[in-house]
Amino acid sequence: MKNFLKITSIIISLLVFSNNSVAAEKVEYLKTDWSFKGLFGKFDRGSLQRGYQVYTEVCASCHSMKYVSYRNLAEAGGPEFSKEQAKAIAASFEVVDGPNSDGEMFTRPGKLSDKFVMPYENVKAAQAANGGAYPPDMSVLVKARGGGVDYIYSLLQGYEDPPIGLTLDDGVHYNKYMYGNMIKMANPLSDGLVEYSDGTQASIEQMSKDVTTFLMWTAEPHLESRHKMGFKVIVYLFILTVLVYYSMKKIWSRIETEV
Amino acid sequence: MSEKKTNRRDFLFTATYAVGAVGVGATIWPMIDQMNPDASVKALASTEVDVSLVDPGKTITVLWRGKPVFIRRRTQDEIAEARAVKLDDLKDPQKDEDRAKDPEWLVMLGVCTHLGCVPLDQKGDYNGWFCPCHGSHYDISGRIRKGPAPTNMEIPKYEFVNANTIKIG
Amino acid sequence: MSDHDYTPKSKVGKWFNDRLPLLTLANHLTDYPTPKNLNYWWTFGGILTFCLITQIVTGLTLAMHYIAHADMAFESVEHIMRDVNYGWLIRYIHANGASMFFLAVYIHIFRSLFYGSYKSPREIIWIIGIIIYLLMMAAAFMGYVLPWGQMSFWGATVITNLFSAIPLVGEGIVTWLWGGYSVDNPTLTRFFTLHYLIPFLILGLVVLHIWALHVPGNNNPVGIDIKKPSKDTVPFHPYIVIKDGFALLMFMIVFAFFVFYTPNILGHADNYIEADPLVTPAHIVPEWYLLPFYAILRSVPDKLLGVVAMLSAILILAALPWLDTSKIRSAVFRPLYKQFYWILVADVLILGYVGAMPAEGLYLLIARVATAYYFIHFLVILPVLGFKEKTIPVPLSITEPVLGGSVNFATAKNKESTIDK
């Protein structure tokens with residue numbers, strides 16, 4: 001039994017370790033406290049709401065978020081805007097609908113059931129408007145990058161002047177956390193760029209944290225219920241394991257006398 | 001083996017079985033619930049319909065939640081006919097006033113309450129709708145008059161956003 | 001099945017059983033005499049059954065929502081993750097379930113290697129097992145293609161291109177596999193069909209695997225033949241059932257931890273980027289459970305020979321019952337084999353590690369040495385060892401070993417301990 005546990009735990013830790021270490025080359029990312037990490041991790045609602053503001057006012061002009069709907073903004077475990085707020089947010093966007101009875105497309109104010117309106121009609125249009133680089137869809141961006149939230153958080157704060165001797169092409173910027181250090185996105189944040197309605201100081205650091213939190217939520221909208229359910233499931237399994245263990249002892253004690 | 005020992009063992013086994021059964025039940029539920037309407041389906045709330053071009057005596061059919069909705073602009077004769085019917089003659093007694101908020105407009109789910117076919121407009125013995133599948137006759141208020149269907153055609157939740165627009169759902 | 005003498009007590013039962021002997025089968029399964037000294041490494045058979053059923057059930061439910069179309073597959077997976085009731089749970093169980101399945105199957109295989117379970121009279125069980133393992137790899141590979149992310153697409157491209165190594169007909173086969181001139185929608189739909197089919201083939205083979213097992217009965221940590229039923233055996237139910245259940249629950253705790261707290265750690269970030277035929281990800285890596293074979297493939301500088309080496313690495317296992325010439329089953333009584341066994345384990349782990357690293361410099365050198373050793377182990381060491389090795393005397397029975405007082409006596413007698421390595 002002891003041997004068994006020892007060996008299996010070694011195998012599992014090797015598994016996790018190797019997958020982690022393989023992920024990418026080692027860069028030290030900036031660290032911050034993420035409220036959604038850990039067994040009981042939850043999103044910080046204020047941060048999510050502020051993050052949504054940063055996304056709409058800054059990122060959304062280039063980055064789509066095509067898998068997220070306006071109704072999600074009012075759902076439990078998310079930014080938890082009130083239903084009215086979410087409706088108002090949705091209505092502030094023009095959505096192309098149709099065809100109508102004349103066979104023509106028309107625009108109307110957004111509804112809760114609509115997906116986030118995309119800044120460009122398609123990938124080609126997005127590339128054409130951004131010097132050939134496609135600003136990636138942000139719905140699952142956090143999960144699509146090896147470093148996850150830490151990477152995004154660092155990248156937003158990683159703009160620097162290029163080291164001496166390195167000349168950059170037009171429309172290329174230097175970022176110390178970007179893979180290869182060259183990034184087509186210009187530094188999107190500057191202090192006080194947005195005005196938070198809750199009075200929080202909109203520093204670059206604060207905005208980076210908020211928008212990254214928001215991106216974590218869009219990538220994993222069920223993270224909170226996952227954590228909650230996970231705890232219950234593991235506690236349950238533990239109790240059942242103990243019960244089964246003693247049942248097993250009892251049952252096997254029957255043949256002890258025979259041996 | 002003493003009596004006491006047996007009891008304790010029984011209790012342990014019973015507890016194990018019970019706790020195990022709870023877990024199996026809890027595991028099965030997500031597998032069943034995943035077949036229920038998902039969040040995006042539930043969110044598909046309402047459809048708005050422009051009815052400005054519908055003449056009296058005509059019906060338009062629109063799609064709402066994957067089902068046809070009949071919107072009929074009734075003539076004065078039709079309204080009078082619908083209102084004149086005695087409740088005693090009805091299989092599923094319901095006043096026309098309760099079915100059409102604005103008597104000129106009848107908005108109802110175009111689904112036969114028998115087995116879900118779409119009834120034909122202006123057919124049947126009662127000057128209303130007739131379901132070709134199993135011969136149910138509906139009157140001009142969409143009430144069942146003859147045939148196997150048990151109830152009147154259903155009235156969905158709807159409202160007039162303005163004089164020309166009906167919002168269903 | 002040997003116990004034909006069973007008769008149901010009730011009249012109805014007897015009537016039914018005379019026409020379809022299901023009750024005889026149930027009786028055989030519950031009473032099946034099992035060596036009482038099986039340790040926890042033997043519980044992985046039951047765990048694997050659980051894994052297979054979990055994958056089939058979650059797979060069926062996912063298939064109700066998944067759309068096998070190049071334009072919609074990625075989106076439908078996101079739909080499952082966001083909107084379908086418990087969709088995120090079912091998908092994460094299915095995705096991590098594949099890893100847990102392979103974790104369990106590797107433990108199961110290496111248990112067999114340690115205790116010599118593949119040797120006479122259990123060769124057929126072993127070979128069916130190898131076929132199941134091959135089908136598992138096929139199912140896992142095709143399943144990984146379905147979300148239509150970058151790793152799906154490029155993994156599919158790379159693996160299907162392996163067939164182009166076949167002389168003359170290779171290119172034709174690849175085009176045939178793709179249903180076009182690249183991995184595209186036809187490839188996705190056929191992979192989905194096959195991914196749906198294979199688990200049921202596996203299920204059928206598992207029935208044969210267990211059937212073949214029930215003819216000679218289980219091997220055991222001491223590796224000797226036992227009389228059954230006897231003092232050395234216990235009925236499968238309740239003794240083995242409860243023990244398997246206990247081990248399964250511990251396994252499920254680990255499983256649950258992955259599903260609920262680190263559901264993406266065993267996957268690759270690039271697979272959350274939708275497939276793009278114009279851009280290859282910087283590092284193409286298969287899932288962890290295929291890494292050792294991937295390392296073998298890359299360690300050979302020739303395209304055809306690389307593929308041959310990789311395939312041989314798996315197929316060589318089918319010949320194992322005849323490559324291992326030793327008459328003694330359990331490594332407990334084979335001091336030299338025991339050492340080589342652990343070297344092999346280390347070798348495979350090293351292959352897995354270098355398989356995840358870029359194929360260059362020192363990594364490539366290590367991969368080559370490890371690949372060479374892998375084949376030497378099976379083709380040279382095992383056959384020679386059977387003749388040269390001086391083995392420890394084996395007890396005559398589990399309960400009454402001839403060698404009173406030896407280590408083996410003590411451990412073999414203790415019904416639940418693992419044999420000390």
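Below, chains carry the letters A, B, ... as their sequence lines are ordered, and counting in each starts from 1.
Looking at B:Ala39, the atoms closer than 4.5 Å to chain A (heavy atoms on both sides) sit in the backbone and in the side chain alike. Interface remark: A:Ser247 contributes backbone and side-chain atoms alike to the contact with chain B (heavy atom separation under 4.5 Å). Using a 4.5 Å cut-off between heavy atoms, A:Tyr246 contacts chain B through both its backbone and its side chain.
The local environment of NZ in A:Lys66 is crowded, with over 12 non-hydrogen atoms from other residues, nucleotides or ligands closer than 6.0 Å.
With respect to B:Asp125 and B:Lys146, a salt bridge is recorded, a charged nitrogen being found less than 4.0 Å from a carboxylate O.
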Requested in this report: Show your reasoning for whether ring-ring contact (aromatic ring centres under 6.0 Å, His included) applies to A:Phe116 and A:Tyr67.
Outcome: CA-CA 7 Å; A:Phe116 276 22; A:Tyr67 302 123; over 10 Å; no

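Disulfide check for B:Cys131/B:Cys112 fails, with the SG atoms at least 2.5 Å apart.
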